[in-house]
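Since the structure comes first, as structure tokens, the remarks are kept for the end.
This is a predicted model, so every value here is computed, not measured. Every chain is numbered from 1 and lettered A, B, ... according to where its sequence line falls, protein lines coming before strand lines.
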Amino acid sequence: DAGVTQSPTHLIKTRGQQVTLRCSPKSGHDTVSWYQQALGQGPQFIFQYYEEEERQRGNFPDRFSGHQFPNYSSELNVNALLLGDSALYLCASSLGFGGQSNQPQHFGDGTRLSIL
Amino acid sequence: DAKTTQPPSMDCAEGRAANLPCNHSTISGNEYVYWYRQIHSQGPQYIIHGLKNNETNEMASLIITEDRKSSTLILPHATLRDTAVYYCIVRVASGGSNYKLTFGKGTLLTVNP
């Protein structure tokens with residue numbers, strides 16, 4: 001039973017570029033959440049997708065956008081990259097809305113994004 | 001979500017029980033306590049969660065005080081592979097929504113040989 005998978009594992013970009021990160025949820029999960037983790041800090045919530053719609057959003061600018069596909073996989077897009085966007089980007093999946101609300105989120109191992 | 005307070009670091013001898021405390025004095029009645037850990041360069045790993053009763057699984061035990069204002073994660077026989085940052089998170093789990101997780105800085109547990 002595959003867990004949450006993310007690609008790529010590492011990525012190097014320059015300021016001003018755009019990046020797309022990908023996530024496949026754990027089998028049976030329908031909700032995907034994205035988190036940003038700066039060095040030495042805990043993960044910070046970016047947004048969550050369910051039924052191909054953004055359901056919750058954290059305190060991140062519009063440069064951060066996402067998408068969820070019919071097979072529940074998801075993408076995180078970041079435009080106009082800044083040096084401060086360098087971080088580990090984590091995807092978490094869960095069985096979401098309706099009846100299973102206390103079930104835990106399960107995380108992938110992330111994409112390490114470095115901005116030069 | 002309620003704020004949690006954890007010690008920044010703890011040490012434990014290999015083979016001994018590791019008891020990690022967490023204070024969540026402003027917890028609400030519909031908020032669960034979740035524990036995750038993060039080993040260097042990996043994503044957070046779910047350990048256990050509970051509402052008000054003590055919980056046990058193959059990884060750990062979770063003890064929640066009767067007033068629910070604090071909890072303790074117990075690793076019964078710590079190994080070197082248990083060295084990680086442990087996060088205690090309180091999260092609303094009602095209304096049919098799977099709410100976001102709010103992470104603090106966690107506790108760095110170092111298991112020594």
Quick check on A:Q37 against chain B: is it the side chain, the backbone, both or neither that has a heavy atom closer than 4.5 Å?
side chain
Measure A:F47 against the heavy atoms of chain B and call it side chain, backbone, both or neither at under 4.5 Å.
neither
Would you say that more than 12 heavy atoms from the other residues, nucleotides or ligands in this model lie under 6.0 Å from the [atom1] of [X], or not?
{"X": "A:R15", "atom1": "CZ", "answer": "no"}
{"X": "A:R57", "atom1": "CZ", "answer": "yes"}
{"X": "A:L116", "atom1": "CG", "answer": "yes"}
{"X": "A:N71", "atom1": "CG", "answer": "yes"}

Would you say B:F103 ends up clustered with A:L39 if hydrophobic residues are merged whenever their side chains have heavy atoms under 4.5 Å apart, either directly or through other cluster members?
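No.
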Between B:M59 and B:I64, is there a shared hydrophobic cluster once you connect ILVMFWY residues whose side-chain heavy atoms come closer than 4.5 Å?
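Result: yes, single cluster for both.
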Would you check if [X] and [Y] make a side-chain contact, meaning some heavy-atom pair closer than 4.5 Å?
{"X": "B:Y46", "Y": "A:F107", "result": "no"}
{"X": "B:L101", "Y": "A:P43", "result": "no"}
{"X": "B:K105", "Y": "A:Q41", "result": "yes"}
{"X": "B:Y36", "Y": "A:Q105", "result": "yes"}

Backbone of B:G43 reached by a side-chain donor or acceptor of A:D109 within 3.5 Å
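Yes, A:D109 side chain to B:G43 backbone: donor-acceptor pair under 3.5 Å.
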Interatomic distance, A:L88 atom CG to B:Q38 atom CD [nearest 0.5 angstrom]
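So the gap between those two atoms works out to 7.0 Å.
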